[in-house]
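What follows is one structure encoded as structure tokens, with my remarks underneath.
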Amino acid sequence: MSTNVLRTTDGWWVVRDAHAVRIETKAVTTAELLADRDAVREAAASGDSGTPVADLVPLPPVTAPCRVVAQMVNYRSHAKDSGFTGDVPPTFFRKASGSVSGPHDTIVRPAHVKFLDYEVELGLVMGAALPVGTVVEERDLPRYVAGLVLTNDVSARDVQLTKTQFYESKSYPTFTPTGPYLALLEPEDFAHLLNLRLRLSVNGVPRQDRTLADMIVRPAQALTLLARFQTLDAGDLLLTGTPGGTALKAPPKPVAKISALLSPATRWKVFFNGQAKNPLYLRDGDLVTATIATPDGRIDLGEQRTAVADAR
């Protein structure tokens with residue numbers, strides 16, 4: 001069974017049901033904690049009744065400095081929403097580590113962003129270095145991946161589309177809510193990854209709901225492709241894509257064909273005029289709730305509850 005770890009301002013905790021037991025470790029970063037697994041095991045086996053989880057304020061369980069890498073269009077349902085009709089080429093992009101925020105921190109929409117979107121994603125937390133040239137088979141995942149986290153790849157769609165700029169559009173502060181738990185996996189847990197169910201709702205209305213079975217490029221293959229050009233280290237984070245149901249969707253094919261005849265400036269003006277009528281984008285006062293878990297509870301990454309507020 002996986003072990004859920006919580007991070008607060010004064011240390012790390014192992015979560016057992018509704019209580020948490022402090023981990024006796026000097027670790028400050030996620031990488032240091034992963035190197036002190038004996039302390040985690042001792043806390044998990046402790047007879048201490050612990051502290052109520054409700055009394056703790058969780059911080060992101062992935063600490064800076066770290067690399068934050070993400071996969072683009074990696075669920076079949078999202079590919080359909082995005083207008084892809086054939087194979088989707090595996091694509092990666094980087095996010096600033098400063099975008100990582102806590103699981104209950106407010107998502108702040110910058111003043112110049114009109115179309116703020118959500119993307120619930122499973123995050124892989126590396127437990128060992130992944131050098132360039134590494135080939136990762138399914139059986140190798142426990143060697144490289146220490147655990148999982150719940151993340152939300154918040155996106156400024158107007159910046160992303162007009163500038164073709166993923167790094168900026170997804171890297172503003174608070175644009176990667178992470179946690180509450182770092183689920184440290186045992187080797188036998190990896191066989192259950194495809195059962196993980198990603199859910200996201202806004203103001204209580206479901207928006208996204210899929211399992212990892214909808215994934216196009218699964219974790220072992222993703223790490224192999226990434227390792228063609230990118231080194232990862234312990235504590236680094238890979239976001240593995242989002243399912244369908246985001247606010248942004250490709251226009252119907254007839255509209256797309258007509259738009260192709262317009263000048264780029266006119267085309268964007270028409271597109272964003274249409275998007276302005278879309279009620280699904282995040283607005284000041286919205287509450288985003290997200291979960292990732294297997295049906296049997298073997299792996300449960302907890303719940304995020306993040307309010308949305310305009311920058312002031």
Side-chain angles (χ1 to χ4, degrees), residues 1-7 12-21 23 30 33-34 36-50 52-54 56 58 60-62 74-75 77 103 120-128 136-152 177-201 206 208-215 217-223 234 237-243 289-305:
M1 294 286 289
S2 61
T3 301
N4 280 350
V5 171
L6 186 73
R7 173 175 165 251
W12 300 86
W13 308 71
V14 166
V15 176
R16 298 194 308 231
D17 298 321
H19 288 77
V21 176
I23 301 171
T30 306
L33 178 75
L34 296 176
D36 197 5
R37 290 292 287 267
D38 286 344
V40 176
R41 294 187 183 96
E42 288 176 10
S46 168
D48 189 343
S49 59
V53 172
L56 302 175
V62 177
N74 194 37
Y75 281 71
S77 54
V120 61
E121 303 204 11
L122 175 69
L124 308 182
V125 178
M126 303 304 295
V136 182
E137 304 289 348
E138 291 289 338
R139 64 178 179 272
D140 300 324
L141 279 174
R143 184 188 309 174
Y144 296 104
V145 177
L148 310 174
V149 289
L150 165 61
T151 68
N152 184 355
T178 302
Y181 302 141
L182 166 60
L184 299 178
L185 303 184
E186 299 298 332
E188 59 270 21
D189 292 324
F190 287 85
H192 300 267
L193 291 187
L194 293 187
N195 295 327
L196 284 167
R197 187 173 182 179
L198 290 72
R199 293 177 172 175
L200 182 143
S201 64
Q208 295 182 278
D209 188 350
R210 286 291 192 283
T211 68
L212 259 66
D214 190 35
M215 232 181 214
V217 177
R218 294 177 179 175
Q221 184 186 2
L223 291 174
L237 176 62
L238 173 62
L239 280 58
T240 55
T242 197
T289 305
T291 60
I292 299 179
T294 57
D296 60 3
R298 183 188 186 98
I299 305 173
D300 188 341
L301 307 187
E303 180 183 72
Q304 281 188 13
R305 293 177 63 84

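Nearest heavy-atom pair across L34 and G127 is CD1-CA, 4.0 Å. Looking at every heavy atom in both residues, L301 comes nearest to V149 through CD1-C, 3.6 Å. Residue N4 comes nearest to Y181 through the heavy atom pair ND2-CD1, 3.3 Å, listed as atom of the first residue, atom of the second, then distance. Contact record, E121 with L198: CA-CD2, 4.0 Å, taken as the closest heavy-atom pair.
Among residues two or more places apart in sequence or in another chain, the side-chain hydrogen bond (donor to acceptor under 3.5 Å, both in side chains) test is passed with D209 by R197. Residues meeting the side-chain contact (heavy atoms from CB on, under 4.5 Å) test with P58, sequence neighbours left out: L6, P103, H104, P180. Listed by chain and residue number, T294 satisfy the side-chain hydrogen bond (donor to acceptor under 3.5 Å, both in side chains) test with D296 (two or more places apart in sequence, or in another chain). Under the salt bridge (Lys or Arg N to Asp or Glu O under 4.0 Å) criterion, D214 pairs with R210, not counting sequence neighbours. For T240, the side-chain hydrogen bond (donor to acceptor under 3.5 Å, both in side chains) test picks out no residue, with sequence neighbours left out. Taking the side-chain contact (heavy atoms from CB on, under 4.5 Å) definition, one finds that Q208 meets it with Y118, V120, L200, T242, P243, T246, sequence neighbours left out. Under the salt bridge (Lys or Arg N to Asp or Glu O under 4.0 Å) criterion, D17 pairs with no residue at all, not counting sequence neighbours. Partners of T151 according to the side-chain hydrogen bond (donor to acceptor under 3.5 Å, both in side chains) rule, which considers only residues two or more places apart in sequence or in another chain, do not exist here. Here R41 pairs with D38 under the salt bridge (Lys or Arg N to Asp or Glu O under 4.0 Å) rule; sequence neighbours left out.
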Can you give each donor-acceptor pair under 3.5 Å made by side-chain atoms of residues 137-145, sequence neighbours left out, with the distance rounded to 0.1 Å?
{"residue": "D140", "atom": "OD2", "partner": "E137", "partner atom": "N", "Å": "2.9"}

Report all side-chain donor-acceptor pairs from residues 43-50 shorter than 3.5 Å, counting only partners two or more places apart or in another chain.
{"residue": "S46", "atom": "OG", "partner": "D48", "partner atom": "N", "Å": "2.9"}
{"residue": "D48", "atom": "OD1", "partner": "G50", "partner atom": "N", "Å": "2.9"}

Enumerate, atom names and distances included, each donor-acceptor pair closer than 3.5 Å involving a side-chain atom of residues 187-196, sequence neighbours excluded.
{"residue": "D189", "atom": "OD1", "partner": "R298", "partner atom": "NE", "Å": "2.7"}
{"residue": "D189", "atom": "OD1", "partner": "R298", "partner atom": "NH2", "Å": "3.2"}
{"residue": "D189", "atom": "OD2", "partner": "S2", "partner atom": "N", "Å": "3.2"}
{"residue": "D189", "atom": "OD2", "partner": "E186", "partner atom": "N", "Å": "2.7"}

